[in-house]
Participant: 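Next up is a structure, given as structure tokens.
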Amino acid sequence: MTDSRYDVLIVGGGIVGLAVALEITRRFPRLRLVLLEKEDSVGRHQSSHNSGVIHSGVYYKPGSLKAKLCVEGSRAMIEFCRAHGLPHQVCGKVIVATHEGELPRLEELRRRGEANGLTGLRLIDANELHDIEPHARGLRALVVPSTGIADYAAVCEKYAELIRAQGGTILTSTAVTGLRAAASEVVVETDGSAFSTRYLINCAGLFSDRIARMTGADLDVMIVPFRGEYYDLVPQRSSLVRALIYPVPDPQFPFLGVHFTRRVNGTVDAGPNAVLAFRREGYRRGDFSLHDMASALAFPGFWRMAAKQWRSGLDEFRRSFSKAAFVRALQRLLPEVRQEDLAPGGSGVRAQALRRDGTLVDDFQFVPARQMLHVLNVPSPAATASLVIGRTIVRTAEEFWELDGR
Ligand SMILES: Cc1cc2nc3c(=O)[nH]c(=O)nc-3n(C[C@H](O)[C@H](O)[C@H](O)COP(=O)(O)OP(=O)(O)OC[C@H]3O[C@@H](n4cnc5c(N)ncnc54)[C@H](O)[C@@H]3O)c2cc1C
């Protein structure tokens, strides 16, 4: 039985769903909005299990949504943290080339960054790198001064506080279990009561494809979970890293490679790697879900991806099981780091969309349907870009829906 009627219902209380709710309640205060989150508080998955970096936009293909929304979004995120007194710091980072083969890619990153509108990018030699990060070693490095760090769990809490203050409703411990689209409404079943809404926005992260398929949508993509595991530098060795030290990323792979990140609380993380997780929300190595694995194996794109990426996949698994292999990858950037300097840290699971043809979706993907909009690929830098992603999703929705005239 339907006991609650809304104009807009958002599934998922991660940083993206919250940013969309924040924008709607700000621009359309008369709309009745509810956000449903299955956990007992907001921001419990990707949005609080990440590296906490405010990315600058140096990596992304010029003209892509990622490039545009990251550059605008990083400025908006810094401004938001400043305005609300949230911990953050614009500390800059270095991307370090450790062998000759990486030098053209480092140069290409500088070109990309400039094409994306970043200023202050600088290619430096080993001596200058030593002045900035005395313990890092490399042939050359790219300095990205606009990169920063933030606490995205705190950002989520603040978004939630503002949504409530602007009249929106957030219901936690409420998992969406089914959707039925009728002529002028969508009926949303949960593990508690049912809801009806004129419009639905699906921001369910690792489960966004499942939510979309509840309506019978024939999607070209499936979400693949990639776990990222971290080590922490022990406090007495955290002085090895001043700010952020990154490798030159492998262009065949959408992840950035293991790096060192100073957090807003002063600790230093090393990682994350990127191993295929055998369970969505599988934070530990032994986590396994028959349902998740069976649906992955039944998706043709999974086998095509495995055929193409098995070698890098095996390297990631090796680094997952062997601390020595993980440390060797880190020593390319920071030769002084030793196994005993690293204590096991946390982990996070990335929601990465995979196409039927076996390619990983690179750009952000928002798919509007009649009364629904599915947010199907918002990997990194979506935390950085969340405010601007929220605005973009609402503008996309406005093209299809009558949000204004109730
Ligand atoms: C290891 C790692 C490192 C990263 N580092 C960075 C970084 O440094 N900088 C950066 O900008 N980005 C980074 N990212 C990316 C960033 O964290 C994500 O892109 C962003 O958090 C995605 O937000 P989201 O709201 O889409 O997903 P989530 O935070 O996962 O939120 C989805 C929500 O939907 C809820 N949900 C799912 N199913 C249901 C259901 N049936 N009913 C109700 N609720 C449901 C979940 O409980 C969850 O709270 C990183 C990600 C990872 C994993």
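One-based numbering, in listed order, for ligands and for the atoms of each.
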Participant: Do any N/O atoms on Glu281 end up under 3.5 angstrom from N/O atoms on ligand 1?
Facilitator: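 No, no N or O pair falls under 3.5 Å.
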Participant: If you measure from the Lys or Arg side-chain nitrogens to the Asp or Glu carboxylate oxygens, is any gap between Glu189 and Arg180 under 4.0 Å?
Facilitator: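 Looking at Arg180 together with Glu189, the answer is yes, because their closest N to O distance falls below 4.0 Å.
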Participant: Please state which part of Leu18 comes within less than 4.0 Å of ligand 1, counting heavy atoms only: side chain, backbone, both or neither.
Facilitator: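 Neither part.
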Participant: With heavy atoms of Glu39 as the reference, note each atom of ligand 1 found under 4.0 Å away.
Facilitator: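 Listed by number with element: 47 (O).
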Participant: Could you check whether Tyr6 and Thr169, counting side-chain N and O atoms only, form a donor-acceptor pair closer than 3.5 Å?
Facilitator: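 No, Tyr6 and Thr169 have no side-chain donor paired with an acceptor closer than 3.5 Å.
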Participant: Counting only nitrogen or oxygen atoms and a 3.5 angstrom limit, does Gln46 reach ligand 1?
Facilitator: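 Gln46 vs ligand 1: N/O contact under 3.5 Å present.
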Participant: Does an N or O from His49, backbone or side chain, lie closer than 3.5 Å to an N or O of ligand 1?
Facilitator: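 No, since none of the N or O atoms of His49 sits under 3.5 Å from an N or O of ligand 1.
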Participant: Report all side-chain donor-acceptor pairs from residues 52-64 shorter than 3.5 Å, counting only partners two or more places apart or in another chain.
Facilitator:
from, atom 1, to, atom 2, distance (Å)
Tyr59, OH, Lys93, NZ, 2.7
Ser64, OG, Lys61, O, 2.6
Ser64, OG, Ala67, N, 3.1

Participant: Nearest to atom 42 (N) of ligand 1 by heavy atom, Val176, Ile389, Val155, Val20: which?
Facilitator: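 It is Val176 that holds the nearest heavy atom.
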Participant: Could Arg350 and Phe255 be counted as a cation-pi pair, given that NZ or CZ must be under 6.0 Å from the ring centre and within 45° of the axis?
Facilitator: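 So Arg350 does make the cation-pi contact.
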Participant: In terms of residue, atom name and distance, what is the protein heavy atom nearest to atom 36 (N) of ligand 1?
Facilitator: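 Looking at atom 36 (N) of ligand 1, the protein heavy atom closest to it is Lys38 CE, 3.8 Å.
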Participant: Counting only heavy atoms closer than 4.0 Å, does ligand 1 sit against the backbone of Leu36, its side chain, both, or neither?
Facilitator: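 The backbone, only.
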Participant: Tell me which part of Ser48 gets within contact of ligand 1: side chain, backbone, both or neither, using heavy atoms under 4.0 Å.
Facilitator: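 Looking at Ser48 and ligand 1, no heavy atom falls under 4.0 Å.
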Participant: Which residue owns the protein heavy atom closest to atom 12 (N) of ligand 1, what's the atom, and how far is it?
Facilitator: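 Of the protein heavy atoms, Ser380 OG, 3.4 Å lies nearest.
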Participant: Is there any N or O on Val16 that sits under 3.5 Å from an N or O of ligand 1?
Facilitator: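 Right, the criterion is met.
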Participant: Closer than 4.0 Å to some heavy atom of Tyr230 - which atoms of ligand 1 meet that?
Facilitator: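 By the 4.0 Å cutoff, the relevant atoms are 1 (C), 2 (C), 3 (C).
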Participant: Do Asn273 and Glu316 get their side chains close enough for a donor-acceptor pair, meaning under 3.5 Å?
Facilitator: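 Checked: Asn273/Glu316 side chains show no N/O donor-acceptor pair below 3.5 Å.
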Participant: According to the interplanar angle, ranging from 0 to 90°, do the rings of Tyr159 and Phe80 count as parallel (below 30°), tilted (30 to 60°) or perpendicular (above 60°)?
Facilitator: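 Answer is perpendicular, since the angle exceeds 60°.
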Participant: Verify side-chain hydrogen bond (donor to acceptor under 3.5 Å, both in side chains) between His45 and Glu39, making sure each step is shown before the conclusion.
Facilitator: CA-CA 9 Å; His45 288 286; Glu39 305 295 344; 2.7 Å; yes
Participant: Tell me whether Val11 has any N or O atom under 3.5 angstrom from an N or O of ligand 1.
Facilitator: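 N/O-N/O distance under 3.5 Å: no.
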Participant: Using a distance-only test with no angle check, is there a side-chain donor-acceptor pair under 3.5 angstrom linking Ser347 and Arg227?
Facilitator: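 No, Arg227 and Ser347 have no side-chain donor paired with an acceptor closer than 3.5 Å.
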Participant: Relative to the heavy atoms of Thr174, which atoms of ligand 1 are at a distance of less than 4.0 Å?
Facilitator: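 Matching atoms, with element in brackets: 43 (C).
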Participant: Identify the protein heavy atom lying closest to atom 48 (C) of ligand 1, giving its residue, its atom name and the separation to 0.1 Å.
Facilitator: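 Closest protein heavy atom to atom 48 (C) of ligand 1: Glu37 OE1, 3.4 Å.
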Participant: Starting from atom 34 (O) of ligand 1, find the nearest protein heavy-atom neighbour and note its residue, name and distance.
Facilitator: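 Protein heavy atom at minimum distance: Gly12 CA, 3.3 Å.
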Participant: Hey, which atoms in ligand 1 end up nearer than 4.0 Å to a heavy atom of Val378?
Facilitator: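 So the answer, numbered in order with elements, is 18 (C), 19 (O), 22 (C), 26 (O).
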Participant: Return a yes/no value for Pro272: is any of its N or O atoms, backbone included, closer than 3.5 angstrom to an N or O of ligand 1?
Facilitator: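 N/O-N/O distance below 3.5 Å does not exist for this pair.
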Participant: Taking distance alone, with N or O pairs closer than 3.5 Å, would you say Arg44 contacts ligand 1?
Facilitator: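 Arg44 vs ligand 1: no N/O contact under 3.5 Å.
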Participant: Counting from 1, what ligand 1 atoms have a heavy atom of Pro379 closer than 4.0 Å?
Facilitator: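 By the 4.0 Å cutoff, the relevant atoms are 19 (O).
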Participant: Looking at non-hydrogen atoms alone, which of Gly43, Ser47, Cys70, Ala383 comes nearest to atom 23 (O) of ligand 1?
Facilitator: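 Comparing heavy atoms across Gly43, Ser47, Cys70, Ala383, the nearest one to atom 23 (O) of ligand 1 lies in Ser47.
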Participant: Among protein heavy atoms, which lies nearest atom 51 (C) of ligand 1, and at what distance?
Facilitator: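 That would be Asn50 CB, 3.8 Å.
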Participant: List every atom of ligand 1 that sits less than 4.0 Å from any heavy atom of Ile211, numbering the atoms from 1 in the order shown and giving each element.
Facilitator: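 What qualifies from ligand 1 is 41 (N).
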Participant: For Phe326, run the ring-ring contact (aromatic ring centres under 6.0 Å, His included) check against Phe321, Tyr231, Tyr230 and tell me which one passes.
Facilitator: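 Testing Phe326 for a ring-ring contact (aromatic ring centres under 6.0 Å, His included) against Phe321, Tyr231, Tyr230 leaves exactly one candidate, Tyr231.
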Participant: For atom 9 (N) of ligand 1, what is the nearest protein heavy atom, given as residue, atom name and distance?
Facilitator: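 It is Val53 O, 2.9 Å.
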Participant: How does Ala351 reach ligand 1, by side chain, by backbone, by both or by neither, if only non-hydrogen atoms under 4.0 Å count?
Facilitator: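 No part of Ala351 comes within reach of ligand 1.
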